[in-house]
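Remarks on the structure that follows.
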Amino acid sequence: MSIVTIHQAKTNLSRLIEKASAGEEVIIARGSKPVARLVPVGEVKGRRQPGSLKGKLQVGPEFFEPLPVSELSGWE
């Protein structure tokens, strides 16, 4: 783990990103007080696919029924 000041982080951002990408945690401090942590993002998942849950979810008929008056008054 490295601790650098904000000025050092601005000057050496590319190097610090390389360190974080390699798995090292970098702490950015304002003076001697830590204010941010630079860590790798991790694995990026695939893109969302529209319709990927088609046929897997079911909505019952009660979903389409009107709400009771007592519940509707809570929304007003």
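Numbers for residues simply follow the sequence, beginning at 1.
Among residues at least two apart or in separate chains, there is no side-chain hydrogen bond (donor to acceptor under 3.5 Å, both in side chains) pair with a member in residues 26-38. Note on residues 4-22: pairs passing side-chain hydrogen bond (donor to acceptor under 3.5 Å, both in side chains), not counting sequence neighbours, are T5-Q8, N12-R15. Legend: side-chain hydrogen bond (donor to acceptor under 3.5 Å, both in side chains) pairs involving residues 63-74, not counting sequence neighbours: none detected.
Cluster note: F63 groups with V59, F64 through ILVMFWY side-chain heavy atoms spaced under 4.5 Å, whether in direct contact or through intervening members. As a member of the Ile/Leu/Val/Met/Phe/Trp/Tyr network built from side-chain separations under 4.5 Å, V39 groups with nothing else and remains a singleton. Here I3 sits in one hydrophobic cluster together with M1, I27; the rule is ILVMFWY side chains under 4.5 Å apart, joined directly or through other members.
Residues forming a side-chain contact (heavy atoms from CB on, under 4.5 Å) with L72 (at least two apart in sequence, or on another chain): L67. When the side-chain hydrogen bond (donor to acceptor under 3.5 Å, both in side chains) test is applied to E25, no partner is found at least two apart in sequence or on another chain.
For the pair S52 and K56, the tightest heavy-atom approach, listed with the atom from each and the gap, is O-NZ, 3.7 Å. G23 and P40 get closest at one heavy-atom pair: CA-CG, 4.3 Å. Closest of all the heavy-atom pairs between I28 and I6 is CG2-CG1, 3.8 Å.
Taken to the nearest 0.5 Å, the OG atom of S2 stands 10.0 Å off from the CG atom of L38.
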